[in-house]
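Both ligands and their constituent atoms are indexed starting at 1 by order of listing. For reference, positions follow the sequence shown, starting with 1.
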Amino acid sequence: MGEVGPFKRLLGHMSSHRGTIRLASACSITNKVWDLAPPLLIGLAVDVVVLKEDSLLASFGLIDPWHQLVFLSVLTFAIWGLESLFEYFYGILWRNLAQTVQHELRLETFDHVQKQGMGWFDERQKGDILAILNDDINQLERFLDKGANDFLQVSTTVLVVGGVFLFISWKVALFAVLPIPIIIWGSFRYQRSLEPRYAEVRKSAGAMNALLENDLSGMSTIQSFTAEEREMKRVEVLSNQYREANREAIRLSAAFTPLIRMAILCGFTATLLLGGWMTLEGTLAVGAYSVLVFMTQRLLWPLTRLGETFDLYQRAMASSTRVLDVLTSPTEIKQGEYAPALEDIEASSIVFSDVDFSYPGRDPVFTNLNLELRSGETVGVVGSTGAGKTTLIRLLLRFAEPTRGTIVWAGKPLDQWRLERLRSSMALVDQHITLFPTTIAENIRYGNPSAVDEAVYQAARLAEVSDFVEELPEQWNTLVGEGGHRLSGGQRQRLAIARAVLKDAPLLILDEATSAVDNETEAALQRSINKLSQDRTAVIIAHRLSTIRNADRILVLDQGNIVEDGAHEDLVERGGIYSRMWAVQTGQSG
Ligand code: UTP
Ligand code: MG
């Protein structure tokens with residue numbers, strides 16, 4: 001198989017912890033070795049009481065049986081002490097390692113998610129990404145916490161017990177150990193067949209998460225359409241799918257332990273019978289016989305747990321595949337190193353040359369778009385819904401890439417810019433305003449985290465936020481709620497403008513939300529725009545033409561083409577689309 005398995009990929013990601021992993025493994029193995037000693041101690045004790053002065057210990061010089069027993073007791077204390085000590089060590093090491101790996105993986109994955117282009121997010125559901133960042137990473141933690149240790153200890157058991165058997169009687173050993181390769185081979189096969197089932201489980205967990213996330217954030221829509229029952233059904237269907245996927249996995253994984261036990265039973269019975277017969281015949285010592293019988297017990301239990309361990313392993317691998325797929329998905333956005341000085345950016349225009357653009361699987365939005373946004377100019381953009389206004393600014397921000405042609409700013413195409421430099425040169429007031437669930441002041445400060453309070457208030461005044469904020473009981477410390485839902489649409493927009501003002505970037509982009517306009521907001525918006533656009537380049541997308549009537553230039557976009565371009569007065573006189581829109585909006589249609 002050419003493809004690298006998830007386990008190897010995971011190990012590769014954990015390579016910085018190699019030292020800890022080795023140490024933890026050593027502790028697990030040492031603990032198990034001590035743990036396997038009691039059957040030997042029992043064997044020695046039986047040997048002492050049966051053979052007395054002729055026992056094995058006597059041959060080491062301890063002749064008196066009583067002395068031999070005291071020695072055995074001291075040995076037992078020492079061994080149990082060591083076992084406990086190493087159990088403590090491996091517990092601490094594995095569990096902390098699990099926490100650290102989980103922590104690092106989550107940060108790394110989130111960092112990678114943040115670097116993805118908008119296309120990546122369009123293809124995925126938020127809830128599914130959330131499931132990866134939460135559940136899947138936790139699944140890995142669970143495996144490291146317990147599974148790795150189990151795995152090592154079972155292997156140690158098999159090796160040590162096998163070794164002891166061979167040492168005592170290879171004939172008995174043959175029968176006791178015979179089932180083990182079969183069991184291990186079977187476990188691997190079995191584990192393989194679990195793999196797709198757990199992948200299915202994780203997939204349906206992601207899908208369910210996505211639906212729940214959607215439902216929770218759209219609760220007011222659901223309730224207003226009294227669609228609770230419909231949503232309940234949809235959740236039920238997905239939750240059922242999750243249950244069914246798990247049921248498939250359970251059916252297989254539950255059968256494992258009983259099957260293994262049967263195989264072990266054969267080995268155990270063989271030891272019991274054959275060893276017993278040999279002891280009766282006198283070819284095997286009583287002490288050795290008891291060691292063999294106890295040891296087979298020791299072999300039995302851990303091997304039945306092998307199923308659980310493989311189960312944990314397989315779940316972890318299904319999850320790590322999902323996590324690593326995110327981690328290795330290329331960050332789509334290619335960027336250059338170009339980072340021009342602020343003066344150069346401010347002094348230069350943005351030129352679209354022969355730009356084509358279409359969303360995946362859709363008709364082109366732009367074909368052969370040519371456009372210049374001159375430095376310092378305020379450009380209004382109007383056009384019917386779906387004309388491509390928002391798409392235009394997504395191209396500027398590189399949320400979308402032209403399929404052909406270039407957009408040049410400060411002498412270089414945007415894709416040769418350093419992305420951070422490019423985006424920090426633009427302040428965006430989005431059509432769908434996102435506020436963070438914190439205070440009003442903090443939301444404005446998002447535009448520039450290092451701004452002093454005075455700068456925050458000034459930005460707020462410019463965006464006409466101050467008036468309504470000062471009337472709130474908690475003023476600047478008012479919490480805006482998730483997505484800003486405790487504010488009105490107009491207030492949200494003004495807050496977003498204040499945030500953009502505080503960013504103080506050379507290019508201001510405002511994509512007006514259709515809903516957020518009452519007359520007062522409209523007037524406030526107009527005043528803000530006038531003040532803001534004085535010393536910077538501004539692109540203002542407006543639905544009310546009065547908002548942009550003072551702009552230096554107005555572009556009329558129709559199905560991706562710039563059909564009109566000029567100042568308000570000119571366009572009204574021209575008698576085209578714009579003048580008709582103006583007539584409708586000012587009520588002088590005819
Ligand atoms: P825009 O989103 O650019 O339109 O979509 P607009 O001019 O801003 O419209 P309003 O005024 O806000 O309503 C342009 C075209 O691109 C499609 C849309 O369906 C529309 O036809 N589109 C938009 C996509 O195919 N995918 C997207 O992710 C976004
Ligand atoms: Mg739009």
**Request:** Would you please test Arg553 and Glu377 for salt bridge (Lys or Arg N to Asp or Glu O under 4.0 Å) and show each step?
**Result:** CA-CA 8 Å; Arg553 249 166 89 204; Glu377 206 177 39; 2.8 Å; yes
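The closest approach between any non-hydrogen atom of Ala387 and ligand 1 is below 4.0 Å. The closest approach between any non-hydrogen atom of Met118 and ligand 1 is not below 4.0 Å.
Within the coordination shell of the Mg ion (ligand 2), defined by N, O or S atoms under 2.8 Å, Thr391 is absent.
Comparing Ile541, Val381, Thr391, Asp363 against atom 3 (O) of ligand 1, the shortest heavy-atom distance belongs to Thr391. Remark: among candidates Val365, Thr385, Val382, the nearest residue to atom 13 (O) of ligand 1 is Thr385, based on non-hydrogen atoms. Nearest residue to atom 2 (O) of ligand 1 from Asp558, Thr390, Leu557 is Thr390 (criterion: closest heavy atom).
Ion pairing between a basic and an acidic side chain is recognised when a charged N comes within 4.0 Å of a carboxylate O; Arg574 and Asp570 show no such pairing. Taking the charged nitrogens against the carboxylate oxygens, Arg202 and Asp136 do have a contact shorter than 4.0 Å, which makes a salt bridge. A salt bridge does not link Arg197 to Glu200: none of the charged side-chain nitrogens sits closer than 4.0 Å to a carboxylate oxygen. Salt bridge annotation for Arg398-Glu401: present, with a cationic side-chain nitrogen under 4.0 angstrom from a carboxylate oxygen.
Close contacts between ligand 1 and Arg394 involve ligand atoms 28 (O) [criterion: under 4.0 Å to a heavy atom]. Residue-ligand proximity, His543 to ligand 1, at heavy-atom distances under 4.0 Å covers atoms 11 (O). Heavy-atom proximity to Gln431, at under 4.0 Å, picks out these atoms of ligand 1: 10 (P), 12 (O).
Between Tyr338 and Trp417, the ring-plane angle classifies as perpendicular under the 30° and 60° cut-offs.
Phe468 CZ: more than 12 foreign heavy atoms inside a 6.0 Å radius.
Heavy atoms of Arg362 found under 4.0 angstrom from ligand 1 belong exclusively to the side chain.
For the pair Ser384/Asp558, a side-chain contact is recorded, criterion being any heavy-atom separation below 4.5 Å from C-beta on.
In terms of polar-atom proximity, defined here as any N/O pair under 3.5 Å, Gly388 does make such a contact with ligand 1.
Seen from the Mg ion (ligand 2), atom OE1 of Gln431 and atom OG1 of Thr390 lie 90° apart in angle, a value rounded to 10°.
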